[in-house]
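So you know, we letter chains A, B, ... as the sequences are listed, proteins then strands, and number each from 1.
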Amino acid sequence: MNSTLATTAAGDDPRAGLRAVRSLRELADRLESLQVERARDLGWSWQDIADALGVSRQAVHKKHRRP
Amino acid sequence: MFERFTREARAVVTDAQIVARSLHSPAIDTRHVVIALTESGGTTARALRSSGLAPGTIASAVRREISGDSGLDREALASLGIDLDAVRETADATFSDGAFDAATRRHGRGGHLPFTRDAKKCLELALREAVRLRSKDISAGHLLLGVLRDPRSPGARALSAAGTDLPTLRATLEEAA
């Protein structure tokens with residue numbers, strides 16, 4: 001049973017695998033927006049956040065700056 | 001066209017926008033219109049009830065369907081050993097209650113939500129239904145007939161999936177119109 005469970009994202013059915021990948025991306029996006037918002041509230045600079053995420057300051061600023 | 005909408009029909013369109021926002025949808029489609037119609041009370045709610053299901057039941061089912069579009073698939077994540085409920089619980093404990101479900105991608109926030117092509121078409125079809133039924137106003141009932149006119153529309157499909165008998169519903173609405 002566990003072997004079938006563990007093979008979806010890396011498994012041979014593209015539909016199930018892609019759905020798992022999409023879910024992971026959505027999950028990561030949500031956690032990222034929550035964490036970035038909190039870091040900003042705690043006074044982190046965009047550069048600090050960018051370094052922690054391993055992306056450029058411009059990228060993180062463009063994505064998370066509040067309108 | 002909007003000047004011919006009854007007060008109730010206008011409220012449905014506004015409510016569809018509120019529903020879409022509360023579900024974090026990127027646009028308003030006919031499913032949001034269906035939810036607004038089921039929750040509006042009045043003639044459409046009565047017609048829905050006569051076609052076999054409580055409006056509240058339909059609204060919950062359609063809301064669940066839209067939430068399922070968010071891309072977060074509980075089973076897919078479980079297949080990777082990730083417990084979505086545990087992640088949600090941890091996030092809500094760290095940030096605030098409901099924070100995880102409210103968190104969305106940052107782009108496209110604020111401002112008016114656009115109507116999908118399907119939703120725009122449903123408004124046009126509502127006008128056509130009103131003309132066909134010789135009504136000078138476009139009512140909430142005409143809006144629902146507009147949704148039903150195209151059986152492939154997301155709203156009609158969702159109603160059908162929730163267990164509504166569409167031909168019965170259409171007949172009831174036409175009788176009431």
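- The line from CZ of B:Arg88 to CG of A:Leu27 is 10.0 Å long, rounded to the nearest 0.5 Å.
- Criterion: ILVMFWY side-chain heavy atoms under 4.5 Å apart, direct or through other members. Under it, B:Val131 and B:Leu125 are not part of a common hydrophobic cluster.
- Residue A:Trp46 belongs to a hydrophobic cluster whose other members are A:Val36, A:Leu42, A:Trp44, A:Ile49, A:Leu53, A:Val55, A:Val60, with links defined by side-chain heavy atoms closer than 4.5 Å.
- In this structure, chain B has heavy atoms under 4.5 Å from both the backbone and the side chain of A:Arg19.
- For the pair A:Arg22 and B:Leu72, the minimum side-chain heavy-atom distance is 4.5 Å or more.
- The side-chain heavy atoms of B:Asp73 and A:Glu26, taken from C-beta on, include no pair separated by under 4.5 Å.
- Both the backbone and the side chain of B:Ala99 come within less than 4.5 Å of a heavy atom of chain A.
- Shown here is B:Arg132, whose CZ atom has more than 12 heavy atoms of other residues, nucleotides or ligands within 6.0 Å.
- Heavy atoms from other residues, nucleotides or ligands lying under 6.0 Å from CD of B:Glu89 number 12 at most.
- Cluster membership for B:Leu23 and B:Val62, using ILVMFWY side-chain heavy atoms within less than 4.5 angstrom, is shared.
- Both B:Leu84 and A:Leu31 sit in one connected hydrophobic cluster of ILVMFWY residues. Membership requires side-chain heavy atoms under 4.5 Å apart, directly or through other members.
- Separating the CD1 atom in B:Ile82 from the CG atom in A:Leu24 is a distance of 4.5 Å, to the nearest 0.5 Å.
- The closest side-chain heavy-atom distance from B:Phe95 to A:Gln35 is below 4.5 Å.
- Heavy atoms only, all atoms of each residue included: A:Ala20 and B:Ala76 are closest at CA-CB, 3.6 Å.
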